[in-house]
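First the structure, in the form of structure tokens, and then the observations on it.
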Amino acid sequence: MRLVDRIVAEDLPPPLLAALRDALQAVSGASGFATLEQDLVDGLFDRAELGDVEPAPLDDLWPHAELVLTVALTLAVADGHYGVEEARVIGRLAARLGYSAAGLAEIETRVFDELQAVGRRLRDKEA
């Protein structure tokens, strides 16, 4: 399922969507090469009419922590590089949302495996 579809399926109210957007913008800004990542964040939220909605506190995303971390990790590797600063931002985000380092590592493994599978399918399709 595409990330935007996963976000839509969660049916988050606008304040939580705004909090998610802000968390993802922090990840996209961590690498210093945020153009591609910022475009992806914008694309994830282009259907959401957030306007001037005040974001909920980040801690309110706790029930959706796995989604938040999955999207954040996917965003972080979108440019082909998972840098130290991105990892630090995601690590702090995971801790705020109640995930241990081991819990985050499990999500990292799953996300990276899924992305590699997508890459293999695309490569096989081109062959």
Nonpolar side-chain network containing V118, other nodes, edges under 4.5 Å: L122
Could you pull out all residues at least two apart from [X] that satisfy salt bridge (charged side-chain N to carboxylate O under 4.0 Å, His left out)?
| X | value |
| --- | --- |
| E66 | R110 |
| R88 | E85 |
| D113 | none |

Selection residues 1-20 - residue pairs positive for ring-ring contact (aromatic ring centres under 6.0 Å, His included), sequence neighbours left out: none
Distance in Å, [X] [atom1] paired with [Y] [atom2], rounded so as to fall on 0.5 Å steps:
| X | Y | atom1 | atom2 | value |
| --- | --- | --- | --- | --- |
| Q25 | L20 | CD | CG | 10.0 Å |
| L75 | L24 | CG | CG | 6.0 Å |
| L104 | L93 | CG | CG | 9.0 Å |
| L58 | L97 | CG | CG | 5.0 Å |

Exercise: identify the closest heavy-atom pair between A19 and P55: N-CB, 3.8 Å
Applying side chain to side chain contact (heavy atoms under 4.5 Å, CB included), name anything that partners [X], two or more places apart in sequence or on another chain.
| X | value |
| --- | --- |
| P15 | P13, V53, A56 |
| E10 | L12, H64, L67 |
| A76 | V27, Y82, E86, I90 |

Pairs satisfying salt bridge (charged side-chain N to carboxylate O under 4.0 Å, His left out), at least one member in residues 115-127, at least two apart: none
Working for side chain to side chain contact (heavy atoms under 4.5 Å, CB included), residues I7 and L17: CA-CA 9 Å; I7 293 169; L17 281 173; 3.7 Å; yes
Shared hydrophobic cluster, L115 / L73 (ILVMFWY, side-chain heavy atoms < 4.5 Å): yes
In one Ile/Leu/Val/Met/Phe/Trp/Tyr side-chain cluster, 4.5 Å: I107, F112: yes
Contact list for residues 89-104, test side chain to side chain donor-acceptor pair (under 3.5 Å), sequence neighbours left out: D59-R96
